Amino acid sequence: MVALTLCLGWQGVSQAQKLPSIQLQAGLYKIAAEVAATEQARQLGLMHRNYLPPDDGMLFVFENKGTHCFWMRNTKIPLAIAFLADDGKIVNIIEMKAMTEDNHCPSQPVRFALEMNQGWFAKKGLLAGNAINGIPSGFIKN
């Protein structure tokens with residue numbers, strides 16, 4: 001009976017997702033970015049993870065440009081988010097605290113956002129106007 005209760009109890013526990021990755025480039029820096037291109041993948045994002053390797057991140061891909069805001073619910077790792085224009089140029093970067101529900105929004109409508117460990121963009125000297133290269137052309141609508 002105890003084993004059955006334990007098994008049933010674990011069914012409700014959410015787990016981190018692992019998505020296919022692509023390689024992006026920011027100047028000299030390579031990024032292994034998991035791609036969250038579906039509604040379900042975007043909603044779960046980097047939630048429930050305890051660790052993100054130093055040059056890994058998650059690229060969020062939306063069907064349409066918009067003011068897509070992010071929060072850190074159930075996200076244990078402090079992150080930085082760069083909102084990206086269609087040409088890969090960084091629109092703005094926001095540092096985000098773990099396990100918070102504050103909204104973090106782009107300064108203009110975008111289709112892409114790249115989450116990395118907190119401080120990653122600053123440590124690499126990347127600012128608004130710098131480019132993130134390697135976003136597959138199939139993700140970009142005209």
Side-chain angles (χ1 to χ4, degrees), residues 3-142:
L4 179 60
T5 302
L6 289 174
C7 288
L8 291 175
W10 281 105
Q11 288 179 351
V13 175
S14 297
Q15 294 191 4
Q17 66 181 335
K18 183 70 174 166
L19 300 170
S21 294
I22 60 171
Q23 184 172 304
L24 301 175
Q25 187 102 16
L28 300 172
Y29 308 105
K30 294 182 181 189
I31 301 164
E34 292 179 50
V35 178
T38 66
E39 183 69 27
Q40 182 179 1
R42 289 188 301 263
Q43 284 180 4
L44 191 54
L46 291 169
M47 288 181 178
H48 309 293
R49 296 197 190 189
N50 295 314
Y51 176 74
L52 184 65
D55 293 317
D56 284 14
M58 184 170 283
L59 179 68
F60 293 81
V61 179
F62 295 90
E63 291 81 19
N64 299 300
K65 282 186 185 180
T67 307
H68 306 289
C69 296
F70 288 71
W71 63 2
M72 297 288 286
R73 176 185 285 174
N74 298 321
T75 306
K76 301 173 184 179
I77 307 164
L79 300 171
I81 188 166
F83 295 100
L84 309 175
D86 282 355
D87 62 1
K89 285 190 180 165
I90 298 172
V91 172
N92 64 305
I93 299 169
I94 300 172
E95 299 290 328
M96 304 183 295
K97 293 180 182 175
M99 304 298 286
T100 60
E101 294 189 12
D102 301 333
N103 277 326
H104 306 287
C105 306
S107 59
Q108 66 187 49
V110 296
R111 188 168 303 143
F112 305 105
L114 176 62
E115 287 184 341
M116 301 292 291
N117 282 304
Q118 190 175 68
W120 189 89
F121 297 100
K123 288 175 190 168
K124 307 299 186 199
L126 298 170
L127 305 167
N130 291 127
I132 304 293
N133 297 305
I135 298 172
S137 59
F139 290 150
I140 301 171
K141 295 180 182 180
N142 294 326

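None of these values were measured; they are calculated from a predicted model.
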#### Entry: Partners meeting side-chain contact (heavy atoms from CB on, under 4.5 Å) with Q118 (sequence neighbours left out)
P78, E95
### Message
Let's go through I132 and L114 carefully: what are the C-alpha distance in whole Å and the side-chain angles of both, what is the deciding distance for side-chain contact (heavy atoms from CB on, under 4.5 Å) to 0.1 Å, and is it a yes or a no?
### Response
CA-CA 9 Å; I132 304 293; L114 176 62; 4.2 Å; yes
### Query
Looking at D86 and R111, what are the two nearest heavy atoms and their distance?
OD2-NH1, 3.1 Å
### Query
Would you call F112 and I135 a side-chain contact if the rule is heavy atoms closer than 4.5 Å?
yes
#### Entry: L79: which of M116, M58, M72 passes side-chain contact (heavy atoms from CB on, under 4.5 Å)
M72
### Query
Minimum heavy-atom separation for L19 to V35, with atom names?
CD1-O, 3.4 Å
### Message
Counting neighbours of NZ on K65 that are heavy atoms of other residues, nucleotides or ligands and sit closer than 6.0 Å, is the number greater than 12?
### Response
no
### Separation of L84 CG from N92 CG (nearest 0.5 Å)
9.5 Å
### Query
Below 6.0 angstrom between ring centroids: does that apply to H104 and F70?
no
### Query
Between the main-chain N or O of N64 and the side-chain N or O of H68, is there a donor-acceptor pair closer than 3.5 Å?
yes
### Query
Considering all heavy atoms of both residues, which atom of P53 and which atom of N117 are nearest to each other, and what is their separation?
O-ND2, 3.2 Å
### Message
If the condition is side-chain contact (heavy atoms from CB on, under 4.5 Å), which residues does T38 pass it with, not counting sequence neighbours?
### Response
Q40, A41
### Query
Could you give the distance from NE2 (H48) to CG (N74), rounded to the nearest 0.5 Å?
4.5 Å
### Message
Under a 4.0 Å threshold between the charged nitrogen and the carboxylate oxygen, would E34 count as salt-bridged to R49?
### Response
yes
### Task
Could you pull out the closest heavy-atom pair between I31 and A26, with the gap in Å?
CD1-CB, 4.2 Å
### Task
Looking only at non-hydrogen atoms, find the nearest pair between V61 and R42 and report the distance.
O-NH1, 2.6 Å
### Query
Excluding sequence neighbours, so at least two apart, what forms side-chain contact (heavy atoms from CB on, under 4.5 Å) with A32?
D56
### Query
Got a sec, which residues hit ring pair (Phe, Tyr, Trp, His ring centres under 6.0 Å) with F121, two or more places apart in sequence or on another chain?
none
### Message
Filter on side chain to side chain donor-acceptor pair (under 3.5 Å), then keep only pairs touching residues 120-136, sequence neighbours left out; what's left?
### Response
D55-W120
#### Entry: Check against side-chain contact (heavy atoms from CB on, under 4.5 Å), I93 and I81
CA-CA 5 Å; I93 299 169; I81 188 166; over 6 Å; no
## Note on the structure
For Q23, the side-chain contact (heavy atoms from CB on, under 4.5 Å) test, sequence neighbours excluded, returns Q25, K30
### Task
Indicate the atoms forming the closest heavy-atom contact of A33 with L24, along with that distance.
CB-CD1, 3.7 Å
### Task
Measure the SG-CG distance between C69 and D102 for me, rounded to the nearest 0.5 Å.
11.5 Å
### Message
Could you tell me if the side chain of E115 sits less than 4.5 Å from the side chain of M96, heavy atoms only?
### Response
yes
